[in-house]
Amino acid sequence: MDEKYFPEKIEEKWQERWAETGAFEVERDDEREPFYCLEMLPYPSGFLHMGHVRNYSIGDALSWYKRLRGFNVLHPIGWDSFGQPAEQAAIKRGINPRDWTEDNINHMRGQLKRVGVSYDWRREIAAHTPEYYKWDQWLFLKMYERGLAYRRMSQVNWCPKEETVLSNEQSSGGVCWRCGASVVKKDIEQWFLRITDYAEQLLEDMKEIEAGWPERVLTMQRNWIGRSRGAYIDFAIKDTQAKARVFTTRIDTIYGVNAIVLAAEHPLLEELMEESPLKDQVRNFIKRTRHEQRRYPNAIEDSEEKEGVNTGLIAINPFSGEFIPVWVANYVLMEYGTGAVMSVPAHDERDFEFAQKYSLPIRRVIERISHEQESIEHDPTRADQSATMEHAFTDYGILVNSGDWSGKLSEDAIAEMSRYAQEKGFGEETVTYRLRDWGVSRQRFWGAPVPIIYCGKCGVVPVPEKDLPVRLPDRAEFTGTGESPLAGVAEFVNTTCPQCGGAARRETDTMDTFVDSSWYFFRYCDPHNSDAPFDKEKAAYWTPVSQYIGGIDHAVMHLLYTRFWTKFMRDIGLVSFNEPVRRLMTQGMVTNQVEGTNEWKRMSKSLGNGVDPDDMIAAYGADAVRLFVLFAAPPENELRWAETGIEGAVRFLRRVYGMVWRWHERLSDALQKQSEPGAEEFSTEARALRRKTHQTIARITEDFEELHFNTSVAALMELSNTLGDFRVEPQTASAADVYAVREALESLVLMLAPFTPHVAEEMWEALGHEGGILNSNARWPQADEELARKEELEIPVQVNGKLRSRIRATPDTPEDELRATALADEKIQSFTNGREVVKVIIVPQRLVNIVVR
RNA sequence: GCCGGAGUGGCGAAAUUGGUAUACGCACUAGACUCAAAAUCUAGCGAGGUCACACUCAUGUCGGUUCGAGUCCGACCUCCGGCACCA
């Protein structure tokens, strides 16, 4: 130990030591309780940023804590190494995506090691290696066998900038999740995974994780799945055999239908318009609507104007028998429900707007319930208010103008009318979801090839398991045209059919990288298995993940996919539970002030407000950076970068280090290790120090369970302040003093280990322990309640709830005495004089409140 | 519009879950050390008020419950995030 704190020296020393001793390497051990601490695996962009540092600092703190609590802790890392940027680099700079990716991984691995995160590096995985993506392909084929992977022509979300297909989750809000460009629609043959088959389970199983996941993530997923109960209703088309099936959640409003409105892509139009005199008009409208390639409005902008045309077709309302026109309009989406709606302008805002624009009749069929009269709010002067409505009335209420159903409440009518429709054969109760199947095809090179072969004779043929992996070729032509570069690699495309042996072509699409990340944490349990994605027994020991930590940005992408994937793996017998992650913590952003402004924004190169972790580590040491990051804000909150804050962290570490230095000769001398002195040997000051030590242990232990790292650090600072005030020189200290200091310093050092492992190791060694913290059988300190108890209390005394004085007491001063002392207090008497004491409230060890009148 | 979360010093934030509001840190001020600066150390630091006490006010706003409310209840305001022509 040097006299002064030199982080670079200490950090290098301990990083080497950890690697040599395999300090963080773990194996399955049925004797010990496992704890799986997982951070979202990074994309190897080339450089570690502060967001990574925050993410891994949180995970590392928890991992260290759990190890010290005796858990067998799995803490792995890997690389989400397939994806666009590698290919962009290839297109722009002619670099091989593999070289680019692997260079980046090598660089970032070095950075991670300098941060000193306690990973079991033997378990490192990378998605772009054939050893890994073989199992993406294998799992894909399992899905295919079960009918969960299928191919269809579809209109997809297309990012014109990156020239690729995006899933619904990745094009949320109408913009590309990666580059922010406006997304357009395009027709392509695509592979899909039937996540919708699991919609109900994805909702249902949320109750298993409710306690451990942030409310907002569950809410976002719930909204995304978008379960909606309602009914299908068939409207017969007059003079034809055809029916228009609509989906509605408000069958109770069906007497108010003024039109059936179809989406432009609705198949009925093709089928029925041939005969229509309005054919051309409708054709034009459809053409216009479809060719606009539906650009989504930005969230802030007003939505598009509603437009439509009358098709001339007539539909029949199955409840009222009424004839109503059939329109086609741009506000009806083919992708949701049935692509057809019943328009009820009086009770739906969109229909209302549409009806007003085209002067369609508006008929009110639901009235508000008047609570005073418990009956219909009946105003004869407004008997027919259709013309006077300014907005649609969308609440539930009581039915009017609805034939025999009039007078019923919406809730009851919905149930009864649905049943009636079902009995009469023109409708059925149903549930629809907003969630769509997951499009996984990407017309890209740098991904796992979809393991499918197309044969002229046999059709779609899965690649046999023995032929996996379907390897990516070493190189391809990167044209940037949008077609998969694999299509241009003859030796990849041309193959033979596994069934008939004839000439065949390979699928040239690769898989969405979210496939790779849907199950990677199972692979960490058994990363080198060449016979299976992972050994079931090993995975059963480690999984589900005990604590997962990552950004909120994956709330409905990765975190929904991985739940789906786990349920699928359960169904094929690989795992035996429903939910992959017990506890989830979503960390906040790291922001920095944008120069010349008052704004704090996420660090980024383009804004010029980025801070390079390497620079910070070089200047202050990894320990100080980590300590600051965990101290400055609760982990879920935004973290505002402040270099003065790191300086504060360094100051604190220097102070603690200095104290250990001052005492280390006395404390490290093995001969000084004595049994605990008798209680009477401790001075008042030493007892106060021990009290603080044990209070701190209790507090931090509690904080760790809740991931309240910021308050843990504050508590450690308090303990160090108390220790700093303990003015006894090592040379003159009594045995009891030495004991109290040892207890305080060892506790402080051990509890610092999760935050600042390098300097903690160094100080632990200086205190006379050999072999490193984890190998010296060190255990998280235990709080002794008796020692933590205060000897003397200062109890606030209130009069009518206002603080007026304080009295001294001990924890076991009887209530009578507290009351007497409080009432006798001089200051208190000045407030109680001449007034009647109504009662005295005493909260043991806390407070006395005197109520006077 | 719907759903979720949050409003506490100059700033990041605490508050044992209804019991001393502002712990810890940053910034700031004064002093010590120094030729000087940095570093370090000591003290102060919600607002008003006072020589100093006392006292008064203060946790987005207004009300309520309670001996007592940052915490519970009701209404409202503001900010952040998500979804959004989803029938």
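Every chain is numbered from 1, with letters handed out A, B, ... down the list of sequences.
In this structure Tyr331(A) satisfies the ring-ring contact (aromatic ring centres under 6.0 Å, His included) test together with Phe354(A), sequence neighbours excluded. Take Arg436(A) and apply the salt bridge (Lys or Arg N to Asp or Glu O under 4.0 Å) test, not counting sequence neighbours, and it matches no residue. For Phe235(A), there are no ring-ring contact (aromatic ring centres under 6.0 Å, His included) partners at least two apart in sequence or on another chain. For Arg691(A), the salt bridge (Lys or Arg N to Asp or Glu O under 4.0 Å) partners are Glu791(A), not counting sequence neighbours. Annotation: side chain to side chain contact (heavy atoms under 4.5 Å, CB included) contacts of Asp816(A) (sequence neighbours excluded): Arg819(A). The salt bridge (Lys or Arg N to Asp or Glu O under 4.0 Å) test applied to Arg804(A) returns no partner, not counting sequence neighbours.
The Thr249(A) side chain lies nearest to rA87(B) when the options are rC26(B), rA87(B), rC55(B). Closest to the side chain of Lys802(A), out of rA27(B), rG82(B), rC57(B), is rC57(B). Comparing atom distances between the Asn330(A) side chain and each of rC55(B), rU40(B), rC85(B) picks out rC85(B) as nearest. With rA14(B), rA87(B), rA27(B) as the candidates, the nucleotide lying closest to the side chain of Arg651(A) is rA27(B). Which of rU40(B), rA87(B), rA13(B) sits closest to the side chain of Ala633(A) comes down to rA13(B).
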Tabulate protein N/O versus nucleotide N/O from nucleotides 3-10 of chain B, keeping only pairs under 3.5 Å, one per line.
none

Would you tabulate the nitrogen or oxygen pairs shorter than 3.5 Å linking the protein to nucleotides 22-24 of chain B?
from: rA23(B); atom 1: O2'; to: Glu718(A); atom 2: OE2; distance (Å): 2.9

Distances for protein N or O near nucleotides 17-21 of chain B N or O, under 3.5 Å:
from: rU20(B); atom 1: O2; to: Arg806(A); atom 2: NH1; distance (Å): 2.0

Distances for protein N/O vs nucleotides 46-54 of chain B N/O pairs under 3.5 angstrom?
none

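The pair Arg640(A)-Glu638(A) meets the salt-bridge criterion, with a side-chain N (NZ, NE, NH1 or NH2) lying under 4.0 Å from an Asp/Glu carboxylate O.
At the heavy-atom level, Val246(A) lies nowhere under 4.0 Å from the strands shown.
Among the duplex regions that RNA chain B forms, those built from at least three successive Watson-Crick or G-U pairs under 3.5 Å are B:1-7 with B:77-83, B:10-12 with B:24-26, B:28-32 with B:40-44, B:46-48 with B:55-57, B:60-64 with B:72-76, ordered by first number.
The phosphate of rA13(B) (OP1 or OP2) has no side-chain N or O of Arg640(A) nearer than 4.0 angstrom.
Each ring pair (Phe, Tyr, Trp, His ring centres under 6.0 Å) pair with one or both residues in residues 623-652 of chain A, not counting sequence neighbours, appears once here: Phe628(A)-Trp641(A).
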